[in-house]
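Values reported hereafter were calculated over all heavy atoms of this structure, with side chains retained and with hydrogens, waters and symmetry mates removed.
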Amino acid sequence: MPELPEVEIARRQLESWLSGRRIVSARAPKTRVLRSQRPQRFAELKGRRLQEIERVGKWMLLKFDGGEGLISHLGMTGKWVRRGRDEPATAYLRGTLELSDGHAVDYRDPRLFGLLLRGKIEQLRQLPSFRALGPDPLPGIDADRLHAVLKTTRRSLKEALMDQRVLAGLGNIYVSEALHRAELNPQRRGTSLKRAETDRLVEAIGDSLRNALSEEESDEPITYVEEGGENFFLVYDRAEKPCKTCRTPIKRIVQGGRSTYFCPRCQPRRR
DNA sequence: ACCGCTGTTCTCCG
DNA sequence: TCGGAGAACAGCGG
């Protein structure tokens, strides 16, 4: 489910569930989620207490006492859920932490695209894909750096912003949303960006993420389809529906094998 | 039955 | 060396 806002909500939940409790037992079946690690490695979390959870983009680093850590990436379908004592575990369980307060905290992941990696905190930080992450866009983006990075790539803005080394945490949804708010065409090349456009983009990314985050904080998680057949987003998954700003039908194109949504009038190719 | 999908990583090709 | 396409992973829903 997750791009940055969903992962941030997961981080806060997980922190509230784990803090102040001791892990009484940890178990994980052998799955892709553990990559090459043995289930025993995960089980070593027994006896640990969480100190805090660091988030960079869509990646979480759970830090336990004794310098022990756990990397959690939710992939497409990963989710942490809490369960009371004696409540049955749900399907697709890929890891369980039993806590001293009687709850169990489960990692569920039907499609196994997620990741649970155990190790010393400092060793986990060396993981290549973790190390390569660009800066997290929250609380704020360094506009000078973003402009410099985008100016040197001939890729489209859509593809560049999907690259976790450029900024960590944007995915297919929020790239479309942010480009719409910034009134930038997703097919524009990075090299074509004017500084004022980067500044708009910086604002737009922040607004998109904060807007999603506040929605998730208030109601239930974001509903992809709401009562009126509408969804929460300005453009994402709204092909052929009227732009919420100008009523022009939203277009869907494919970039890097993924759908991009944009308003051809608000986001013209050149302006 | 077929297609698409909120992510990441790899290969192939120009 | 870079960028783009496509595939793989695996399950669900339309």
Q.
Any carboxylate oxygen within less than 4.0 angstrom of a Lys/Arg side-chain nitrogen, looking at A:K63 and A:E54?
A. yes

For nucleotides 1-5 of chain C, list the nitrogen or oxygen atoms of the protein found under 3.5 Å from its nitrogen or oxygen atoms, one pair per line.
residue : atom : partner : partner atom : Å
C:dG3   : OP1  : A:T153  : OG1          : 3.0
C:dG3   : OP1  : A:R154  : N            : 3.2
C:dG4   : OP2  : A:E159  : OE2          : 3.4
C:dA5   : OP2  : A:G256  : N            : 3.3

**Q.** Interatomic distance, A:Y236 OH vs B:dG4 P [rounded to whole Å]
**A.** 13 Å

Q) What do you reckon, is NZ of A:K251 surrounded by more than 12 foreign heavy atoms closer than 6.0 Å? A) no

Q | For DNA chain C, stems built from three or more consecutive Watson-Crick or G-U wobble pairs below 3.5 Å | A | B:2-5 with C:11-14, B:7-14 with C:2-9

(Q) Measuring from the side chain of A:S129 (C-beta onward, heavy atoms only), which nucleotide among B:dT9, B:dC5, B:dT8 has the closest atom? (A) B:dT9

Q | Summary of side-chain hydrogen bond (donor to acceptor under 3.5 Å, both in side chains) pairs that have at least one residue in residues 155-164 of chain A, sequence neighbours excluded | A | A:R155-A:D163, A:S156-A:Q255, A:K158-A:N172, A:K158-A:T260, A:D163-A:R165

Q. So does A:R83 pair up with A:D106, basic N to acidic O under 4.0 Å?
A. yes

(Q) Would you compute the distance between atom CG of A:L193 and atom CG of A:L157 and round it to the nearest 0.5 angstrom? (A) 5.0 Å

Q | Salt-bridge criterion met for A:E8 and A:R11 (N-O under 4.0 Å) | A | yes

Q. Whole Å only: how far is the CZ atom of A:R32 from the C1' atom of B:dT8?
A. 9 Å

Q | Between P of B:dT8 and CH2 of A:W59, the distance in whole Å | A | 7 Å

**Q.** A:L74 CG - B:dC5 C1' separation (whole Å)
**A.** 16 Å

Q.
Starting from A:L124 and following side-chain heavy-atom contacts under 4.5 Å between hydrophobic residues (I, L, V, M, F, W, Y), which residues can be reached?
A. A:V56, A:W59, A:L61, A:I71, A:L115, A:L117, A:I121, A:L127, A:F130, A:L133

(Q) Heavy atoms from C-beta onward define the side chain here; which of B:dG4, C:dC9, B:dT8 lies closest to that of A:F113? (A) C:dC9

Q.
If you count heavy atoms of other groups shown closer than 6.0 angstrom to CD of A:Q126, is the number above 12?
A. yes

**Q.** Distance test, side-chain N/O of A:R258 to OP1/OP2 of B:dC5, below 4.0 Å
**A.** no

Q. With the threshold set at 4.0 Å, does a side-chain nitrogen-carboxylate oxygen contact exist between A:E98 and A:R27?
A. yes

Q. A:R154: what forms a salt bridge (Lys or Arg N to Asp or Glu O under 4.0 Å) with it, not counting sequence neighbours?
A. none

Q.
In whole Å, I'd like the distance from the CD1 atom of A:I253 to the C1' atom of B:dG4.
A. 17 Å

Where do N or O atoms of nucleotides 12-14 of chain C meet protein N or O atoms at under 3.5 Å, pair by pair?
residue : atom : partner : partner atom : Å
C:dC12  : OP1  : A:Y92   : OH           : 2.5

Q: Classify the nucleic acid contact of A:R35 as base, sugar-phosphate or nothing, counting any heavy atom under 4.0 Å across all strands shown.
A: nothing

Q: Round to the nearest Å and state the distance from A:R252 atom CZ to B:dC5 atom P.
A: 5 Å

Q) When the distance from CG of A:D237 to C1' of B:dC3 is rounded to whole Å, what number comes out? A) 14 Å

Q. Ion pair present between A:D65 and A:R49, side-chain N to carboxylate O less than 4.0 angstrom?
A. no

(Q) Quick check on B:dT8: is either OP1 or OP2 less than 4.0 Å from any side-chain nitrogen or oxygen of A:H73? (A) yes

Q. For A:L167 and B:dG7, what is the distance between atoms CG and P respectively, to the nearest whole Å?
A. 15 Å

**Q.** Residues A:E177 and A:R181 bridged, charged N to O under 4.0 Å
**A.** no

(Q) Between B:dC3 and C:dG6, how far apart are the two P atoms, rounded to whole Å? (A) 14 Å

